[in-house]
Amino acid sequence: MVGILHLQRFPLSTFIRSYSTPFSTPKFPKRNAIFFSTLTTPQPITDNDSPSSDSETPHVELSIDKLFIPPDTRVPVDSGSARILKGSNIVLSNYARDSHVVQADYVKSSVRTEDCPSDGLPEFALVGRSNVGKSSLLNSIVRRKKLALTSKKPGKTQCINHFKINDSWYLVDLPGYGYASAPQELRVNWDNFTKDYFLNRSTLVSVFLLIDASIPAKQIDLDYASWLGQNQIPMTIIFTKCDKRKKRKNGGRRPEENVNDFQDLIRGFFETVPPWIMTSSVTNQGRDEILLHMAQLRNYWLKH
Ligand SMILES: Nc1nc2c(ncn2[C@@H]2O[C@H](COP(=O)(O)OP(=O)(O)OP(=O)(O)O)[C@@H](O)[C@H]2O)c(=O)[nH]1
Ligand SMILES: [Mg+2]
(Lines give C-alpha, C1' and ligand atoms only; values in the text may rest on other atoms or scores of the structure.)
(Ligands and ions follow the chains in the order given, each with its own letter.)
Protein backbone atom coordinates (compact mmCIF):
# COMPACT_ATOMS: atom_id res chain seq x y z
CA MET A 1 0.00 0.00 0.00
CA VAL A 2 2.78 2.36 0.94
CA GLY A 3 4.50 1.49 -2.32
CA ILE A 4 1.40 2.35 -4.31
CA LEU A 5 0.96 5.66 -2.57
CA HIS A 6 4.56 6.49 -3.19
CA LEU A 7 4.36 5.69 -6.89
CA GLN A 8 1.25 7.74 -7.33
CA ARG A 9 2.98 10.81 -6.05
CA PHE A 10 4.70 13.07 -8.48
CA PRO A 11 8.41 12.48 -7.94
CA LEU A 12 9.68 16.01 -7.82
CA SER A 13 12.13 18.03 -6.05
CA THR A 14 11.59 18.37 -2.36
CA PHE A 15 14.79 17.38 -0.66
CA ILE A 16 15.77 18.78 2.58
CA ARG A 17 18.76 18.78 4.85
CA SER A 18 17.25 18.78 8.26
CA TYR A 19 14.26 20.20 9.98
CA SER A 20 15.97 21.36 13.13
CA THR A 21 19.34 22.40 11.73
CA PRO A 22 18.56 23.19 8.13
CA PHE A 23 21.78 24.93 7.25
CA SER A 24 24.36 22.51 8.59
CA THR A 25 23.60 18.91 7.74
CA PRO A 26 24.62 17.06 4.56
CA LYS A 27 22.45 17.11 1.48
CA PHE A 28 20.39 14.16 0.34
CA PRO A 29 21.34 12.53 -2.94
CA LYS A 30 19.96 14.28 -6.00
CA ARG A 31 17.11 11.92 -6.86
CA ASN A 32 15.78 13.95 -9.76
CA ALA A 33 19.12 15.08 -11.13
CA ILE A 34 18.10 13.50 -14.41
CA PHE A 35 15.68 16.35 -14.98
CA PHE A 36 18.38 18.96 -14.68
CA SER A 37 21.21 19.52 -17.03
CA THR A 38 24.23 21.71 -17.44
CA LEU A 39 22.69 23.36 -20.41
CA THR A 40 22.57 26.86 -21.71
CA THR A 41 20.88 30.06 -20.74
CA PRO A 42 17.16 29.66 -21.20
CA GLN A 43 14.98 32.28 -22.84
CA PRO A 44 12.85 33.82 -20.16
CA ILE A 45 9.20 33.24 -20.50
CA THR A 46 6.37 32.32 -22.74
CA ASP A 47 3.64 29.73 -22.85
CA ASN A 48 1.81 27.96 -25.60
CA ASP A 49 -1.66 27.30 -24.33
CA SER A 50 -3.12 30.42 -22.81
CA PRO A 51 -0.67 33.33 -22.85
CA SER A 52 -0.98 35.58 -19.85
CA SER A 53 -2.23 39.03 -20.72
CA ASP A 54 -1.13 40.58 -17.47
CA SER A 55 1.11 43.56 -17.64
CA GLU A 56 4.54 43.70 -16.07
CA THR A 57 6.13 40.76 -14.38
CA PRO A 58 9.07 41.94 -12.30
CA HIS A 59 12.45 40.54 -13.07
CA VAL A 60 13.75 37.71 -10.91
CA GLU A 61 17.19 36.28 -11.50
CA LEU A 62 17.11 32.86 -13.19
CA SER A 63 19.88 30.51 -14.12
CA ILE A 64 19.63 26.94 -15.31
CA ASP A 65 20.34 25.48 -11.89
CA LYS A 66 17.41 27.43 -10.46
CA LEU A 67 14.89 26.10 -12.96
CA PHE A 68 12.27 23.48 -12.29
CA ILE A 69 12.37 21.08 -15.23
CA PRO A 70 9.44 18.64 -15.22
CA PRO A 71 9.96 14.92 -15.77
CA ASP A 72 10.18 13.74 -19.40
CA THR A 73 11.33 17.22 -20.44
CA ARG A 74 14.52 18.06 -22.25
CA VAL A 75 16.06 21.48 -22.33
CA PRO A 76 17.84 21.81 -25.69
CA VAL A 77 21.61 21.77 -25.29
CA ASP A 78 22.64 24.48 -27.68
CA SER A 79 19.71 26.75 -28.43
CA GLY A 80 18.90 28.07 -24.98
CA SER A 81 15.30 27.79 -26.01
CA ALA A 82 13.73 26.42 -22.85
CA ARG A 83 10.19 27.70 -22.53
CA ILE A 84 9.72 29.11 -19.06
CA LEU A 85 6.40 30.19 -17.60
CA LYS A 86 6.25 33.93 -17.01
CA GLY A 87 7.11 35.05 -13.47
CA SER A 88 8.26 31.57 -12.48
CA ASN A 89 11.17 29.14 -12.67
CA ILE A 90 9.08 26.47 -14.39
CA VAL A 91 9.98 24.99 -17.74
CA LEU A 92 7.03 24.01 -19.93
CA SER A 93 6.74 20.35 -20.86
CA ASN A 94 4.71 18.48 -23.44
CA TYR A 95 2.25 17.65 -20.67
CA ALA A 96 1.10 21.30 -20.46
CA ARG A 97 -2.27 21.05 -22.15
CA ASP A 98 -5.98 21.21 -21.24
CA SER A 99 -5.32 23.95 -18.72
CA HIS A 100 -8.50 26.00 -19.14
CA VAL A 101 -11.15 26.03 -16.43
CA VAL A 102 -14.58 25.53 -17.95
CA GLN A 103 -16.48 24.48 -14.87
CA ALA A 104 -15.87 24.78 -11.13
CA ASP A 105 -18.14 23.40 -8.43
CA TYR A 106 -17.94 23.27 -4.65
CA VAL A 107 -18.19 19.61 -3.65
CA LYS A 108 -17.73 19.19 0.10
CA SER A 109 -15.96 20.20 3.29
CA SER A 110 -14.22 17.57 5.40
CA VAL A 111 -12.31 17.56 8.65
CA ARG A 112 -10.83 14.09 8.20
CA THR A 113 -8.80 12.80 5.27
CA GLU A 114 -10.99 9.70 5.04
CA ASP A 115 -14.06 11.87 4.52
CA CYS A 116 -12.60 13.55 1.40
CA PRO A 117 -13.97 12.61 -2.05
CA SER A 118 -13.11 9.05 -3.02
CA ASP A 119 -13.41 9.14 -6.81
CA GLY A 120 -9.62 9.04 -7.29
CA LEU A 121 -9.29 12.26 -9.28
CA PRO A 122 -6.00 14.17 -8.96
CA GLU A 123 -5.91 17.22 -6.73
CA PHE A 124 -3.87 20.26 -5.69
CA ALA A 125 -4.06 21.71 -2.18
CA LEU A 126 -3.55 25.37 -1.34
CA VAL A 127 -1.90 25.94 2.03
CA GLY A 128 -0.20 28.89 3.69
CA ARG A 129 -0.35 31.30 6.58
CA SER A 130 -3.76 32.64 7.54
CA ASN A 131 -4.68 35.58 5.30
CA VAL A 132 -1.94 34.85 2.74
CA GLY A 133 -4.64 34.70 0.04
CA LYS A 134 -5.46 31.00 -0.49
CA SER A 135 -9.20 31.42 -1.04
CA SER A 136 -8.65 34.55 -3.18
CA LEU A 137 -6.19 32.66 -5.36
CA LEU A 138 -8.63 29.81 -5.80
CA ASN A 139 -11.29 32.30 -6.94
CA SER A 140 -8.81 33.93 -9.31
CA ILE A 141 -7.86 30.56 -10.81
CA VAL A 142 -11.48 29.62 -11.51
CA ARG A 143 -12.50 33.20 -12.45
CA ARG A 144 -15.27 33.29 -9.88
CA LYS A 145 -15.54 36.02 -7.26
CA LYS A 146 -16.98 34.03 -4.41
CA LEU A 147 -16.59 30.31 -5.00
CA ALA A 148 -14.30 30.10 -1.97
CA LEU A 149 -15.10 32.45 0.91
CA THR A 150 -12.48 35.09 1.71
CA SER A 151 -12.10 37.56 4.55
CA LYS A 152 -9.82 40.31 5.86
CA LYS A 153 -10.05 38.49 9.17
CA PRO A 154 -7.67 35.52 9.40
CA GLY A 155 -9.10 32.06 10.05
CA LYS A 156 -11.96 32.17 7.55
CA THR A 157 -11.33 28.71 6.07
CA GLN A 158 -11.61 25.94 8.65
CA CYS A 159 -12.05 22.68 6.72
CA ILE A 160 -10.61 20.72 3.82
CA ASN A 161 -12.76 22.18 1.04
CA HIS A 162 -12.92 20.34 -2.28
CA PHE A 163 -13.77 22.16 -5.52
CA LYS A 164 -14.17 20.05 -8.64
CA ILE A 165 -12.76 21.50 -11.86
CA ASN A 166 -14.01 20.45 -15.31
CA ASP A 167 -15.39 17.31 -13.67
CA SER A 168 -11.87 15.89 -13.78
CA TRP A 169 -9.66 17.26 -11.00
CA TYR A 170 -9.85 19.06 -7.65
CA LEU A 171 -8.61 22.28 -6.13
CA VAL A 172 -8.51 22.05 -2.34
CA ASP A 173 -8.75 25.06 -0.04
CA LEU A 174 -7.25 24.47 3.40
CA PRO A 175 -7.24 26.37 6.70
CA GLY A 176 -4.28 28.68 7.22
CA TYR A 177 -1.55 28.09 9.77
CA GLY A 178 -0.01 30.58 12.15
CA TYR A 179 -3.23 32.30 13.13
CA ALA A 180 -2.23 33.49 16.57
CA SER A 181 -5.72 34.57 17.66
CA ALA A 182 -7.39 31.24 17.03
CA PRO A 183 -8.03 29.18 20.15
CA GLN A 184 -5.12 26.84 20.81
CA GLU A 185 -7.40 23.81 20.59
CA LEU A 186 -8.58 24.79 17.10
CA ARG A 187 -5.05 25.51 15.90
CA VAL A 188 -3.79 22.09 16.97
CA ASN A 189 -6.79 20.45 15.34
CA TRP A 190 -6.29 22.25 11.99
CA ASP A 191 -2.61 21.44 12.05
CA ASN A 192 -3.29 17.79 12.70
CA PHE A 193 -5.89 17.29 10.05
CA THR A 194 -4.05 19.21 7.33
CA LYS A 195 -0.83 17.34 8.05
CA ASP A 196 -2.66 14.02 8.14
CA TYR A 197 -4.21 14.97 4.79
CA PHE A 198 -0.76 15.75 3.28
CA LEU A 199 0.69 12.48 4.50
CA ASN A 200 -2.19 10.20 3.55
CA ARG A 201 -4.02 11.64 0.57
CA SER A 202 -2.87 9.40 -2.27
CA THR A 203 -4.44 11.57 -5.00
CA LEU A 204 -2.58 14.71 -3.91
CA VAL A 205 -0.41 15.65 -6.90
CA SER A 206 1.25 18.69 -5.33
CA VAL A 207 0.82 21.00 -2.38
CA PHE A 208 0.82 24.66 -3.37
CA LEU A 209 2.48 26.52 -0.50
CA LEU A 210 1.48 30.19 -0.57
CA ILE A 211 3.99 32.78 0.60
CA ASP A 212 3.17 36.50 0.92
CA ALA A 213 5.63 38.30 -1.37
CA SER A 214 4.70 41.72 -0.02
CA ILE A 215 6.51 41.10 3.27
CA PRO A 216 9.85 39.53 4.25
CA ALA A 217 10.00 35.78 4.84
CA LYS A 218 8.52 34.49 8.08
CA GLN A 219 10.08 31.70 10.08
CA ILE A 220 6.79 29.81 10.21
CA ASP A 221 6.74 29.65 6.40
CA LEU A 222 10.29 28.34 6.29
CA ASP A 223 9.36 25.76 8.92
CA TYR A 224 6.32 24.70 6.91
CA ALA A 225 8.33 24.35 3.70
CA SER A 226 10.86 22.38 5.67
CA TRP A 227 8.20 20.02 7.05
CA LEU A 228 6.77 19.38 3.58
CA GLY A 229 10.21 18.71 2.20
CA GLN A 230 11.23 16.44 5.01
CA ASN A 231 8.11 14.39 4.45
CA GLN A 232 8.79 14.34 0.70
CA ILE A 233 5.47 15.91 -0.12
CA PRO A 234 5.62 17.46 -3.60
CA MET A 235 5.47 21.22 -3.29
CA THR A 236 5.09 24.27 -5.49
CA ILE A 237 5.68 27.71 -3.97
CA ILE A 238 3.13 30.35 -4.90
CA PHE A 239 4.17 33.90 -4.09
CA THR A 240 1.00 35.95 -3.44
CA LYS A 241 0.16 39.67 -3.30
CA CYS A 242 2.83 40.59 -5.87
CA ASP A 243 0.74 43.67 -6.71
CA LYS A 244 1.56 45.20 -3.31
CA ARG A 245 4.58 47.41 -3.79
CA LYS A 246 5.76 49.19 -0.67
CA LYS A 247 7.55 52.51 -0.97
CA ARG A 248 11.29 51.95 -0.69
CA LYS A 249 11.80 55.06 1.40
CA ASN A 250 9.79 53.32 4.14
CA GLY A 251 12.25 50.46 4.10
CA GLY A 252 9.82 48.10 2.36
CA ARG A 253 11.19 45.46 0.03
CA ARG A 254 9.68 44.97 -3.39
CA PRO A 255 7.93 41.62 -4.06
CA GLU A 256 10.66 40.42 -6.38
CA GLU A 257 13.25 41.18 -3.69
CA ASN A 258 11.25 39.18 -1.15
CA VAL A 259 10.94 36.37 -3.70
CA ASN A 260 14.70 36.33 -4.21
CA ASP A 261 15.31 36.47 -0.47
CA PHE A 262 12.96 33.54 0.08
CA GLN A 263 14.80 31.52 -2.59
CA ASP A 264 18.07 32.23 -0.80
CA LEU A 265 16.64 31.10 2.52
CA ILE A 266 15.26 27.82 1.24
CA ARG A 267 18.27 27.06 -0.95
CA GLY A 268 19.87 25.70 2.19
CA PHE A 269 16.96 23.31 2.69
CA PHE A 270 16.66 21.76 -0.76
CA GLU A 271 18.94 19.82 -3.00
CA THR A 272 17.03 20.95 -6.08
CA VAL A 273 14.85 24.00 -6.28
CA PRO A 274 11.10 23.52 -6.04
CA PRO A 275 8.90 25.12 -8.70
CA TRP A 276 7.64 28.62 -7.86
CA ILE A 277 5.30 31.20 -9.45
CA MET A 278 4.64 34.89 -8.70
CA THR A 279 0.94 35.76 -8.47
CA SER A 280 -1.64 38.37 -7.56
CA SER A 281 -5.33 37.77 -7.09
CA VAL A 282 -5.92 41.48 -7.71
CA THR A 283 -4.29 41.66 -11.16
CA ASN A 284 -4.60 37.91 -11.86
CA GLN A 285 -0.86 37.78 -12.47
CA GLY A 286 0.26 34.14 -12.58
CA ARG A 287 -3.21 32.69 -13.10
CA ASP A 288 -2.55 31.15 -16.53
CA GLU A 289 0.88 30.05 -15.42
CA ILE A 290 -0.52 28.20 -12.38
CA LEU A 291 -3.07 26.47 -14.60
CA LEU A 292 -0.41 25.35 -17.07
CA HIS A 293 1.81 24.11 -14.28
CA MET A 294 -1.10 22.21 -12.72
CA ALA A 295 -1.97 20.78 -16.13
CA GLN A 296 1.52 19.44 -16.72
CA LEU A 297 1.78 17.94 -13.24
CA ARG A 298 -1.68 16.44 -13.55
CA ASN A 299 -1.19 14.98 -17.03
CA TYR A 300 2.13 13.45 -15.97
CA TRP A 301 0.53 12.03 -12.80
CA LEU A 302 -2.35 10.51 -14.79
CA LYS A 303 0.05 8.78 -17.15
CA HIS A 304 2.20 7.22 -14.42
N1 LIG B 1 -3.44 43.17 -2.56
C2 LIG B 1 -3.79 41.88 -2.51
N3 LIG B 1 -4.60 41.43 -1.52
C4 LIG B 1 -4.93 40.11 -1.51
C5 LIG B 1 -4.43 39.21 -2.48
N6 LIG B 1 -4.91 37.97 -2.18
C7 LIG B 1 -5.68 38.10 -1.08
N8 LIG B 1 -5.70 39.39 -0.67
C9 LIG B 1 -6.44 39.91 0.50
O10 LIG B 1 -5.97 39.23 1.67
C11 LIG B 1 -7.05 38.95 2.58
C12 LIG B 1 -7.10 37.45 2.89
O13 LIG B 1 -7.48 36.74 1.73
P14 LIG B 1 -8.05 35.24 1.81
O15 LIG B 1 -8.10 34.76 0.40
O16 LIG B 1 -9.30 35.17 2.62
O17 LIG B 1 -6.87 34.54 2.61
P18 LIG B 1 -6.80 33.02 3.14
O19 LIG B 1 -5.37 32.61 3.01
O20 LIG B 1 -7.80 32.17 2.45
O21 LIG B 1 -7.17 33.21 4.67
P22 LIG B 1 -7.69 32.10 5.75
O23 LIG B 1 -8.81 31.31 5.10
O24 LIG B 1 -8.16 32.93 6.88
O25 LIG B 1 -6.52 31.25 6.10
C26 LIG B 1 -8.31 39.47 1.89
O27 LIG B 1 -8.57 40.76 2.40
C28 LIG B 1 -7.92 39.54 0.42
O29 LIG B 1 -8.66 40.52 -0.29
C30 LIG B 1 -3.57 39.71 -3.50
O31 LIG B 1 -3.07 39.00 -4.40
N32 LIG B 1 -3.27 41.06 -3.47
MG1 LIG C 1 -9.36 30.99 3.16
Side-chain angles (χ1 to χ4, degrees), residues 1-14 16 19 104-130 132-135 137-139 141-142 147-150 154-179 182-211 220-221 223-238 274 290 293-294 297-298 300-302 304:
M1 188 62 187
V2 169
I4 292 169
L5 293 184
H6 185 71
L7 277 178
Q8 282 182 326
R9 290 209 156 154
F10 188 72
L12 47 89
S13 72
T14 44
I16 207 138
Y19 184 67
D105 303 296
Y106 166 75
V107 175
K108 72 180 295 196
S109 301
S110 322
V111 287
R112 296 183 316 168
T113 312
E114 50 271 41
D115 296 332
C116 292
S118 55
D119 49 13
L121 296 175
E123 66 192 39
F124 302 93
L126 307 180
V127 72
R129 244 176 335 103
S130 276
V132 70
K134 299 175 291 297
S135 304
L137 184 78
L138 191 147
N139 290 334
I141 292 173
V142 301
L147 188 62
L149 297 180
T150 66
K156 182 73 185 168
T157 308
Q158 302 192 4
C159 298
I160 305 171
N161 298 304
H162 275 79
F163 298 87
K164 206 177 211 175
I165 312 298
N166 299 347
D167 234 4
S168 59
W169 55 281
Y170 288 107
L171 271 175
V172 183
D173 193 18
L174 293 171
Y177 54 79
Y179 173 33
Q184 174 67 15
E185 202 181 294
L186 262 186
R187 264 188 283 157
V188 170
N189 193 16
W190 292 345
D191 253 24
N192 286 346
F193 75 65
T194 50
K195 286 185 173 168
D196 179 77
Y197 163 85
F198 293 143
L199 293 171
N200 296 309
R201 184 71 172 157
S202 61
T203 50
L204 180 61
V205 179
S206 178
V207 170
F208 279 53
L209 176 63
L210 276 63
I211 303 294
I220 195 169
D221 291 329
D223 290 346
Y224 215 90
S226 178
W227 185 88
L228 289 171
Q230 197 178 44
N231 287 282
Q232 301 212 4
I233 294 166
M235 176 184 76
T236 298
I237 300 173
I238 301 295
I290 287 183
H293 178 57
M294 286 178 169
L297 295 185
R298 199 173 62 237
Y300 178 86
W301 186 90
L302 286 167
H304 292 85

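Screening V172, D105, L138 against F163 for a side-chain contact (heavy atoms from CB on, under 4.5 Å) leaves a single residue, L138.
Taking each heavy atom of Y170 and P117 in turn, the nearest pair found is OH-CB, 3.4 Å. Contact between G176 and K134 at its shortest, heavy atoms only, is CA-NZ, 3.4 Å. Closest of all the heavy-atom pairs between I237 and P274 is CD1-CG, 4.3 Å. Between E114 and D196, the shortest heavy-atom contact is OE1-OD2, 4.5 Å. Summarising the geometry of P175 relative to C159, their closest heavy-atom pair is CD-O, 3.3 Å, with the distance given to 0.1 Å. Listed here is the closest heavy atom pair of P122 and S168: CD-O, 3.7 Å.
Considering only heavy atoms from C-beta on, M294 comes within 4.5 Å of F208 through its side chain. D119 places a side-chain heavy atom less than 4.5 Å from the side chain of K164. A 4.5 Å side-chain heavy-atom check between R129 and I220 finds at least one atom pair inside the cut-off.
Side-chain contact check for Y177 and D223: no donor-acceptor pair (N or O, by modelled atom type) lies under 3.5 Å. Counting only N and O atoms by type, the side chains of T113 and N200 include no donor and acceptor under 3.5 Å apart. Looking at T236 and H293, their side chains do bring a donor and an acceptor atom within 3.5 Å of each other.
For the atom pair CD1 of I290 and CG of L137, the computed distance is 4.5 Å after rounding to the nearest 0.5 Å. For the atom pair C116 SG and I160 CD1, the distance stands at 4.0 Å (nearest 0.5 Å). For the atom pair CZ of F124 and OG1 of T203, the computed distance is 10.5 Å after rounding to the nearest 0.5 Å. Distance check: E123 CD to S206 OG gives 11.5 Å after rounding to the nearest 0.5 Å. Put simply, OG on S110 and NE2 on H162 are 6.5 Å apart, with the number rounded to the nearest 0.5 Å. Of the inter-residue distances, the one linking Y300 atom OH with L302 atom CG reads 12.0 Å to the nearest 0.5 angstrom.
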Evaluate side chain to side chain contact (heavy atoms under 4.5 Å, CB included) for L228 paired with N231, printing each intermediate quantity in order.
CA-CA 5 Å; L228 289 171; N231 287 282; over 6 Å; no
Mind running side chain to side chain contact (heavy atoms under 4.5 Å, CB included) on M235 and V127 for me, showing each step along the way?
CA-CA 10 Å; M235 176 184 76; V127 72; over 6 Å; no
Carefully, step by step, assess I141 and L171 under the rule side chain to side chain contact (heavy atoms under 4.5 Å, CB included).
CA-CA 10 Å; I141 292 173; L171 271 175; 4.0 Å; yes
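Both the sub-6.0 Å distance and the 45° axial angle are satisfied by K195 relative to the ring of W227.
Counting only distance, with no hydrogens or angles, the side chain of N139 and the backbone of L147 share a donor-acceptor pair below 3.5 Å.
Note: F198 and Y224 have perpendicular aromatic rings, judged against thresholds of 30 and 60 degrees for the angle between ring planes.
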